[in-house]
Amino acid sequence: MDEKHIPRHVAVVMDGNGRWAQKQKQKRIFGHQHAMTAVRETVEAGTELGVKYITLYTFSTENWNRPKEEVDGIMELLVRTIQSETPQLKKNGVRLEVIGDMGRLPELSREKLQGCMAETSGNDRLVLVLALSYSSRWEIGEAIRKMIAAGVKPEEIDEESIRPYLTTKDYPDPDLLIRTGGELRLSNFLLWQMAYTEFYFTEKLWPDFRKEDFRAAVEAFQGRQRRFGKTGEQK
Ligand code: IPE
Ligand code: IPE
Ligand code: MG
């Protein structure tokens with residue numbers, strides 16, 4: 001591990017909870033219930049390494065189409081988890097933030113999230129961003145709506161003028177994407193922001209993901225040569 005070459009922002013698609021539960025002949029929600037250890041380990045590993053931002057794909061816009069029982073179970077779990085984890089986040093200098101269509105979340109979830117965000121707002125060791133009721137196409141639609149409402153002119157539109165309208169405006173683009181669960185796709189996650197992100201896929205199901213898996217992903221990242229469209233020799 002090269003301690004001087006740590007990704008600033010790591011994005012994670014936490015996938016495989018349902019399959020993890022099915023393997024044990026349990027209901028899908030059992031897998032979601034066992035996802036917290038992996039979240040904790042990821043945040044701890046990131047903090048120890050000096051990662052500044054971790055964005056977790058927690059619930060997608062499309063996930064609203066799952067059976068009501070599962071959606072309700074996830075929302076309930078969210079409330080309980082935020083409640084139990086806030087002290088640890090405070091202790092570890094982690095700031096919680098949320099991107100996504102918060103208006104679609106149940107009121108109780110929204111209240112708990114806002115409480116945790118307020119309580120951790122002074123922390124700056126690591127920013128933990130939960131993508132909740134988030135999808136990239138929703139975000140881009142929102143950005144366009146806001147730009148039109150603000151009267152932005154066609155000739156003013158470029159990368160830099162679009163950025164302030166994205167939900168991720170305060171964060172650098174992800175350097176590294178980790179997806180567990182073996183699927184090789186983005187599933188509508190940070191499409192704009194991941195233009196030059198390095199991808200790391202693992203078969204591990206999310207409830208089994210541990211610190212050493214996070215470190216392995218960072219090591220793989222360190223072996224990549226990022227060129228951003230230039231030749232390998234150019235600075
Ligand atoms: C990811 O695990 C968690 C959410 C999408 C909320 P899944 O629930 O998608 O698990 P699999 O992919 O069906 O195994
Ligand atoms: C992506 O996983 C969303 C989250 C991890 C929150 P999905 O399980 O929803 O993605 P697909 O349906 O396999 O593409
Ligand atoms: Mg899945």
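Atoms within each ligand, like the ligands themselves, are counted from 1 in listed order. Remember, it's a predicted structure, so these values are computed and weren't measured experimentally. Along the sequence shown, residues are numbered consecutively beginning with 1.
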pair [X]-[Y]: side-chain heavy atoms closer than 4.5 Å:
X	Y	result
L166	Y171	no
L113	L96	yes
W206	V12	yes
T167	W138	yes
S133	W64	yes
F30	K25	no

Atom 12 (O) of ligand 2 touched by protein heavy atom at under 4.0 Å: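 Flag for atom 12 (O) of ligand 2 set to false, no protein heavy atom closer than 4.0 Å.
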Best match, R179, M14, E62: closest heavy atom to atom 2 (O) of ligand 2: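 Considering heavy atoms of R179, M14, E62, the nearest to atom 2 (O) of ligand 2 sits in R179.
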Basic-acidic side-chain contact under 4.0 Å: R28, E69: no
Test: E142 and R145 ion pair at under 4.0 Å: yes
Contact check, G181 vs ligand 1, heavy-atom distance below 4.0 Å: no
Proximity flag Q22 to ligand 1, non-hydrogen atoms under 4.0 Å: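 Not so, Q22 does not reach ligand 1.
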Per-atom contacts, ligand 1 versus R19 - under 4.0 Å to a heavy atom: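 It comes down to these atoms of ligand 1: 11 (P), 12 (O), 14 (O).
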Shortest protein contact, [atom] (heavy atom only):
atom	result
atom 14 (O) of ligand 2	S187 OG, 2.6 Å
atom 8 (O) of ligand 2	D15 OD1, 3.1 Å
atom 6 (C) of ligand 1	T58 O, 3.6 Å
atom 10 (O) of ligand 1	G18 N, 2.9 Å

Ligand 1 versus E183: contacting region, heavy-atom distance under 4.0 Å: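 E183 to ligand 1: no contact under 4.0 Å from either part.
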Any N or O of S60 closer than 3.5 Å to N or O of ligand 2: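 No; every N/O pair is 3.5 Å or more apart.
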Backbone or side-chain N or O of N63 under 3.5 Å from ligand 2 N or O: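 Indeed, backbone or side chain, N63 has an N or O that close.
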Region of F59 engaging ligand 2 - heavy atom pairs below 4.0 Å: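 Looking at F59 and ligand 2, just backbone atoms fall under 4.0 Å.
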Ligand 2 contact on R185 by region, counting heavy-atom pairs under 4.0 Å: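 The answer is the side chain.
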Atoms in ligand 2 flagged as close to V13, the criterion being non-hydrogen separation under 4.0 Å: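 Close to V13: 1 (C), 5 (C).
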Backbone or side-chain N/O/S of D15 under 2.8 Å of the Mg ion (ligand 3):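 D15 does place an N, O or S atom closer than 2.8 Å to the Mg ion (ligand 3).
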R66-ligand 1 polar pair, N/O distance under 3.5 Å: yes
Backbone N/O of K211 and side chain of E41: donor-acceptor pair under 3.5 Å: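 Yes; judged by distance alone, with no hydrogens or angles, the pair exists.
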Plane angle bin for Y196 and F228 - parallel if under 30°, tilted between 30 and 60°, otherwise perpendicular: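 Ring orientation of F228 relative to Y196: tilted.
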Salt bridge (Lys or Arg N to Asp or Glu O under 4.0 Å) between E183 and R185, intermediate numbers included: CA-CA 6 Å; E183 310 291 359; R185 55 178 173 255; 3.6 Å; yes
